[in-house]
Amino acid sequence: MKILTEHINTPGIETFDVYRKKGGYTAVEKVIKKMTPEEVVEEVKKSGVRGRGGAGFPMGMKWSFLAKPEGVPRYLVCNADESEPGTFKDHYLMKNIPHLLIEGMIISSYALGANKSFIYVRGELMYVIHILEKAIEEAKAAGFLGKNILGSGYDLELVVQPGGGAYICGEETALLESLEGKRGNPRNKPPFPAVKGLYQCPTVVNNVESIATTSWIINNGGEAYAAIGIGKSTGTKLISASGHINKPGVYEINLGVSCDEFLNSDEYCGGVRKGHYLKAVVAGGSSVPIVPGHLFLKTANGEDRLMSYESLSDGGFATGTMLGSGGFIVFDETACIVRNTWNFARFYEHESCGQCSPCREGTGWMQKVLNRIEHGKGSMHDIDLLVDISKKIEGNTICPLGDAAAWPVASAIRHFRDEFEWHIKEPIAATKPGAVYMKESVLV
Amino acid sequence: MTETKNTITFTPERLAKAKEMIARYPEGKQKSALMPIMHLAQEQFAWMSQEVMDYVASLLDITPVEVYEVATFYTMFHLEPVGKHVIEYCRTGPCVLMGGEEVYAHLTQKLGVKKGQTTSDGLFTLKEVECLAACGWGPCFQIREKYYMNLTNDKVDDIIRELSR
Ligand SMILES: Cc1cc2nc3c(=O)[nH]c(=O)nc-3n(C[C@H](O)[C@H](O)[C@H](O)COP(=O)(O)O)c2cc1C
Ligand code: SF4
Ligand code: FES
């Protein structure tokens, strides 16, 4: 089922006219003319759609938590920070079909009673910001935005806000700080944004892809959306696929498609690079645990693993992982797990905002230890040290970046410990350019 | 000193744009326009010198330190002079899998600079950045608003030749 990407290759779909011809903005007409905000929230609840930014929290439920004190403005903020390594779906969606997001923003803002809503886009995507601003101008000229939309008395203004280059601003409270013109330091919670968010007013933060689902849900009904997918993983999901596959790119899948089909069929990734073998997969962006190929394809019980929130996390962290943001990264036998783990650890050290010591110190420490292992200067004790540091970070920080930094390290050691040991025991062989530890039994 | 200060002024178009940006936010929340205006400033002045940051602060009627705080937190703002083209090269895992380290080695050799340095002709500054949300189209780098993707050594040669003209 193509809900978000059905028209993405239509020439001119980035313009209002073509988007409109393909049925665009009919959902806005429907909500504004025929539905109350409560009915819109109800429809989204029925769809069961879960937040596509990473955590997978049901969107309708989040909307119903929004506080509504008299006389206080409420805000919708779209999270288009997209900085999680391996994730490039929102970029793809916004640059190709910007009106899908704009339409979703109007529907969602109406449902929440927001009259000014923001799209916070990572600053690197300035060219996408221009595309969105143009789309907003077009929608305004056609009467779908601005004052008195379609004569209903409902006013809405959309503001596109650039970030400045900081992964942490994807975390929703850091994003709000950033939007207020400050450093992106995550806030202590509670209070949650639903009560005190942007400018201390009730705020909903949702991912681009989450918001973009709403026009289909309104046009076709929440139940029709819920009929797609599997169990509590309803609907479709965009997966950004990168690494050692034949066809890197963004794919829209029905949640519940088998991992084998997603990886190997020509409709999606087209299999591991020709002539190579599957070694490991990071299924949901750099922050989720890495799993060896066989555990990606089958659960510990030997069942086929599916691309869904539940199936990917089956077995917990011992044998499973997470769907996360859908940042799907494939490693073949030429990839060095130690080097990749070090690369990610370096990323988290660089991106830690530095507010809490377990994260600030721990990410730096993990990076240094991994660096010395990767460069043939590690000791056996270092492996346990890494596990120990990761445990001390996990759960002890203001925001989940700490966990996001700890999990990749802990999981790499859990599943590929012998590769770390090889780097330590055979430093000369391990530090030769391009040298990779080979254990054929893990390859699929 | 006062003379340099006087030269730091937005072009009339940018000043109008900055005013329009400030007006986007609710009453009393004009500080939200800080980053948009900093991007505008860097577009005109190439880097965020203290004079530029002080100018931005004056436009928003906030203290200069509020601008310094933000400029030092976010990686897109250049705190030192830069060359004509700033190459922001993605060094994160997925791009590495696509051959990012090999292409990077070629690029540094070609330019004869290391990260953070500017070529002696002042044409290129090389910066390393983290994931640019283009992982499936890696290796990649960015110069101003333009993404250069699916890089190979040959493509890098072409781009550098093109931009050196
Ligand atoms: C370190 C960190 C980075 C994050 N980056 C993003 C991001 O780039 N985009 C995003 O939508 N959510 C990101 N999130 C999740 C947001 O905090 C938030 O949960 C999400 O935007 C909510 O939207 P959703 O419910 O529609 O998924 C990040 C979270 C953390 C802890
Ligand atoms: S966990 Fe890390 S990124 Fe999050 S608030 Fe603490 S120091 Fe900052
Ligand atoms: S890793 Fe280079 S763009 Fe994502």
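Residue numbers begin at 1 in each chain, while the letters A, B, ... track the order of the sequences.
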Dump the intermediate steps for side chain to side chain donor-acceptor pair (under 3.5 Å) on Gln161(A) and Tyr25(B), then the final yes or no.
CA-CA 11 Å; Gln161(A) 180 83 0; Tyr25(B) 306 93; 2.4 Å; yes
Contacting region of Ser240(A) [heavy-atom separation from chain B under 4.5 Å]:
neither
State whether the number of non-hydrogen atoms from other residues, nucleotides or ligands found under 6.0 Å of Tyr277(A) atom OH is greater than 12.
no
With a cut-off of 6.0 Å (strictly less than), are more than 12 heavy atoms of other residues, nucleotides or ligands near NZ of Lys147(A)?
no
Minimum-distance pair of heavy atoms, taken over all atoms of Glu124(A) and Tyr147(B):
O-CE1, 3.6 Å
Would the distance check show the side chain of Arg183(A) and the main-chain N or O of Glu69(B) forming a donor-acceptor pair, the cut-off being under 3.5 Å?
yes
Please state whether the side chain, the backbone, both or neither of Arg122(A) comes within less than 4.5 Å of a heavy atom of chain B.
side chain
Around Glu43(B), counting heavy atoms of other residues, nucleotides and ligands shown, do more than 12 lie under 6.0 Å from its CD?
yes
Turns out that what part of Arg144(B) lies under 4.5 Å from chain A's heavy atoms comes down to neither
So does Lys95(A) have more than 12 non-hydrogen atoms from other groups sitting under 6.0 Å from NZ?
yes
CZ of Phe88(A) to CG of Leu132(B): how many Å apart, nearest 0.5 Å?
12.5 Å
What part of Glu101(B) lies closer than 4.5 angstrom to a heavy atom of chain A: side chain, backbone, both or neither?
side chain
Could you tell me whether Asp121(B) atom CG has more than 12 heavy atoms of other residues or ligands within 6.0 Å of it?
yes
Enter the distance from His244(A):NE2 to Met98(B):CE here, rounded to the nearest 0.5 Å.
7.5 Å
Quick one: does NZ or CZ of Lys247(A) land under 6.0 Å from the six-membered ring centre of Trp137(B), within 45 degrees of the ring axis?
no
Looking at Asn343(A) and Arg91(B), would you say the former's side chain and the latter's main chain have a donor-acceptor pair under 3.5 Å?
yes
Val330(A), part contacting chain B, at a heavy-atom distance under 4.5 Å:
backbone
Under 4.5 Å from any heavy atom of chain B - which part of Cys169(A)
side chain
So which atom in His350(A) and which in Thr75(B) form the shortest heavy-atom distance, rounded to 0.1 Å?
CE1-CG2, 3.8 Å
Any idea which heavy atoms bring Met35(B) and Gly163(A) closest together, and the distance?
SD-C, 3.8 Å
Specify which of Ser286(A), Gly86(A), Cys353(A) makes the most heavy-atom pairs with chain B at under 4.5 Å.
Gly86(A)
If we define contacts as heavy-atom pairs under 4.5 Å, which of Gly138(B), Ala133(B), Ala134(B), Cys90(B) has the most with chain A?
Ala133(B)
Do you see a donor-acceptor pair shorter than 3.5 Å between the side chains of Glu130(B) and Tyr348(A)?
no
Distance-minimising heavy-atom pair for Tyr74(B) and Gly164(A):
CB-O, 3.1 Å
With a 4.5 angstrom heavy-atom cut-off, which part of Leu97(B) approaches chain A: side chain, backbone, both or neither?
both
More than 12 non-hydrogen atoms from neighbouring residues, nucleotides or ligands closer than 6.0 Å to NZ on Lys116(A), yes or no?
yes
Under 4.5 Å from any heavy atom of chain B - which part of Phe328(A)
neither
So, taking the atom named CG in Leu179(A) and the one named CG in Leu34(B), what distance separates them when rounded to the nearest 0.5 Å?
11.5 Å
Heavy-atom pairs under 4.5 Å with chain B, option from Lys89(A), Lys182(A), Glu157(A), Glu84(A) with the top count
Lys182(A)
Heavy-atom cut-off 4.5 Å, strictly under: side chain, backbone, both or neither for Val160(A) against chain B?
backbone
Considering only heavy atoms from C-beta outward, does the side chain of Tyr127(A) approach that of Gln142(B) to under 4.5 Å?
no
Are side-chain heavy atoms of Glu145(B) and His130(A) found at a separation under 4.5 Å?
yes
To the nearest 0.5 angstrom, please state how far the SG atom of Cys131(B) sits from the CZ atom of Phe344(A).
9.0 Å
Look at Ser242(A), Gly354(A), Ala166(A) and state which one has the largest set of heavy-atom pairs under 4.5 Å with chain B.
Ser242(A)
Begin from the C-alpha positions of Glu177(A) and Lys31(B) and carry the test salt bridge (Lys or Arg N to Asp or Glu O under 4.0 Å) through to its verdict.
CA-CA 11 Å; Glu177(A) 287 287 298; Lys31(B) 194 178 167 185; over 6 Å; no
Compare all side-chain heavy atoms of Phe73(B) with those of Ile168(A) and state whether any distance is below 4.5 angstrom.
yes
Region of Ser178(A) in contact with chain B, defined by heavy-atom distances below 4.5 Å:
both
With a 4.5 angstrom heavy-atom cut-off, which part of Ile129(A) approaches chain B: side chain, backbone, both or neither?
neither
What residue, out of Thr334(A), Asp90(A), Leu125(A), Val250(A), has the most heavy-atom pairs lying under 4.5 Å from chain B?
Leu125(A)
Is a side-chain N or O of Ser32(B) found less than 3.5 angstrom from the main chain of Gly181(A), in a donor-acceptor match?
no
Nearest heavy-atom neighbours spanning Pro36(B) and Pro162(A):
CG-CD, 3.8 Å
